[in-house]
2 protein chains.
Amino acid sequence: MIKLLIKNKLIILYGVSLALLIFLLKWLEWRFLIMDHAVEIYIGFIAIIFTSLGVWLALKLTTPKVETIIVEKKIFINQEPDFTINQSESDKLGLSKRELEVLQLMAQGLSNQEIASRLYVSLNTIKTHSSRIFEKMSVKRRTQAVELAKRLQIIP
Amino acid sequence: MIKLLIKNKLIILYGVSLALLIFLLKWLEWRFLIMDHAVEIYIGFIAIIFTSLGVWLALKLTTPKVETIIVEKKIFINQEPDFTINQSESDKLGLSKRELEVLQLMAQGLSNQEIASRLYVSLNTIKTHSSRIFEKMSVKRRTQAVELAKRLQIIP
DNA sequence: ACAAAAATCATCCTAAAGTATGACCGAAAT
DNA sequence: ATTTCGGTCATACTTTAGGATGATTTTTGT
């Protein structure tokens with residue numbers, strides 16, 4: 001019941017306004033009959049009232065201009081499905097092909113011995129490689145090398 | 001000259017409209033004086049004219065209503081600045097708060113001694129922690145622990 | 001209040017990592 | 001043809017990491 005009132009409050013308001021207007025006009029008409037010379041005032045009232053009505057109608061009935069705002073929603077992809085090596089950073093370090101190979105295996109958590117076995121070379125060779133890698137990357141430990149390499153996107 | 005006309009065309013239009021309106025009113029007044037009973041028609045005309053004026057005024061003088069539509073545009077970013085830990089995987093391993101702390105510092109490439117200094121504990125403590133970490137994660141080396149932790153999204 | 005878990009530290013020992021240095025070889029550049 | 005560079009390997013040594021074990025102190029859950 002209350003909800004119905006609220007929903008149609010515009011219509012009700014409009015009806016009440018019209019009723020009041022008619023009463024006003026009737027009263028003015030009566031005054032007009034009594035005092036023959038109030039035509040200008042009468043017209044003035046009419047003008048004001050209907051101008052107001054026009055304004056009100058215009059405001060109510062115009063379709064609002066639509067403004068579209070595009071909000072950029074950032075979606076973070078936590079993995080790296082399309083990993084591409086950062087060539088420029090890789091070049092800066094000047095790591096050789098073999099050194100990069102060793103670095104990648106390091107990043108997978110392999111020990112020097114495991115890397116040596118996988119690449120069919122001696123442990124000493126891997127030690128030499130890793131030393132050169134650390135030197136070129138200016139780090140002290142393999143863990144730092146891996147961390148830096150991942151940060152620079154040199155390895156996945 | 002033409003430009004001036006175009007620039008002030010609204011003002012000119014308004015002036016002309018007003019002039020026409022006055023003429024119309026004068027003519028209606030004349031008619032009203034002649035035929036005493038055309039009051040309702042007269043009022044009707046006035047009403048229509050001024051309602052139109054009101055509408056026109058409202059449209060011209062009010063700032064246009066704007067309806068804002070927000071559209072979300074998805075942007076994919078390949079890194080993970082807003083890292084959220086994978087709680088389920090973290091729970092599975094059963095690492096304690098302190099152990100996770102050590103693991104994170106490990107992942108940053110710090111040595112056990114550096115971790116000990118940073119956490120104001122002894123080197124032996126860190127060794128114990130790291131041993132427990134490797135045990136819980138079923139790995140043999142810190143590099144493997146870091147690799148696994150990153151893969152499971154336990155650390156950034 | 002009490003037991004369990006977490007955190008701390010120690011010692012002894014082994015394994016792995018890292019440093020320094022020198023050497024050899026082959027391919028590519030000059 | 002000679003130099004340069006990348007890759008290989010070795011020896012000797014130091015440092016760091018890791019394993020095993022035991023102990024003490026906090027913290028925490030019931």
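Note that the coordinates shown come from a computational prediction; the quantities given were computed from them, not determined experimentally. Per chain, numbering begins at 1; letters A, B, ... match sequence-line order.
Contact check, Thr125(B) against dC9(C): a side-chain N or O comes under 4.0 Å of OP1 or OP2. Residue Ser122(A) places at least one side-chain N or O closer than 4.0 Å to OP1 or OP2 of dA10(D). Checking the phosphate oxygens (OP1, OP2) of dA10(C), a side-chain nitrogen or oxygen of Asn124(B) falls inside 4.0 Å. For Asn112(B) and dA17(D), the shortest distance from a side-chain N or O to OP1 or OP2 is below 4.0 Å.
You'll find the side chain of Ile133(A) stays beyond 4.5 Å of the side chain of Leu100(A), heavy atoms only. Under the 4.5 Å side-chain criterion, counting only non-hydrogen atoms from C-beta, Val121(B) is in contact with Arg98(B).
We find that CD of Gln144(B) is positioned 13 Å from C1' of dA17(D), with the value rounded to whole Å. Across the protein-nucleic acid pair, Arg98(B) atom CZ and dT25(D) atom P stand 19 Å apart, rounded to whole Å. Going from atom CE of Met137(A) over to atom C1' of dG18(C) covers 16 Å, rounded to whole Å. Atoms NZ (Lys136(A)) and P (dT19(C)) sit 15 Å apart, rounded to a whole Å. Rounded to a whole Å, the NZ atom of Lys140(A) is 9 Å from the P atom of dT19(C). Here dT19(C) presents its C1' atom at 16 Å from CD1 of Ile126(A), a figure rounded to the nearest Å. Between Phe134(A) atom CZ and dA17(C) atom C1' the separation is 8 Å, expressed in whole Å. Whole-Å rounding puts the Arg132(A) CZ to dT19(C) P distance at 13 Å.
Axis orientation changes by 60° from one end of the helix from dA1(C)-dT30(D) to dT30(C)-dA1(D) to the other, with each end axis drawn from 5 pairs and the value rounded to 10°.
In the set dG18(C), dA6(C), dA10(D), the nucleotide with an atom closest to the side chain of Lys127(A) is dG18(C). The side chain of His129(A) sits closest to dG7(D) out of dT11(D), dA17(D), dG7(D).
Side-chain atoms of Thr128(B) and Thr125(B) form no donor-acceptor pair, as typed in the model, at a separation below 3.5 Å.
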Discussion item. Between Arg118(B) and Leu110(B), does the side-chain contact (heavy atoms from CB on, under 4.5 Å) criterion hold? Intermediate values first, please.
Written reply: CA-CA 10 Å; Arg118(B) 185 159 313 184; Leu110(B) 301 197; 3.6 Å; yes

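Nearest-nucleotide assignment on DNA chain C puts the 5′-proximal partner with Ser96(B), out of Arg141(B) and Ser96(B). Between Lys97(B) and Thr128(B), the residue anchored nearer the 5' end of DNA chain D, judged by the nucleotide with its closest heavy atom, is Thr128(B).
Classification of Glu147(A) and Arg151(A) as a salt-bridged pair holds, one side-chain N sitting under 4.0 Å from a carboxylate O. Salt bridge annotation for Glu114(B)-Arg141(A): present, with a cationic side-chain nitrogen under 4.0 angstrom from a carboxylate oxygen.
At the heavy-atom level, Ser111(A) lies under 4.0 Å from the strands shown only through sugar-phosphate atoms.
Residues Val146(A) and Ala107(A) share a closest heavy-atom pair of CG2-CA, 3.6 Å.
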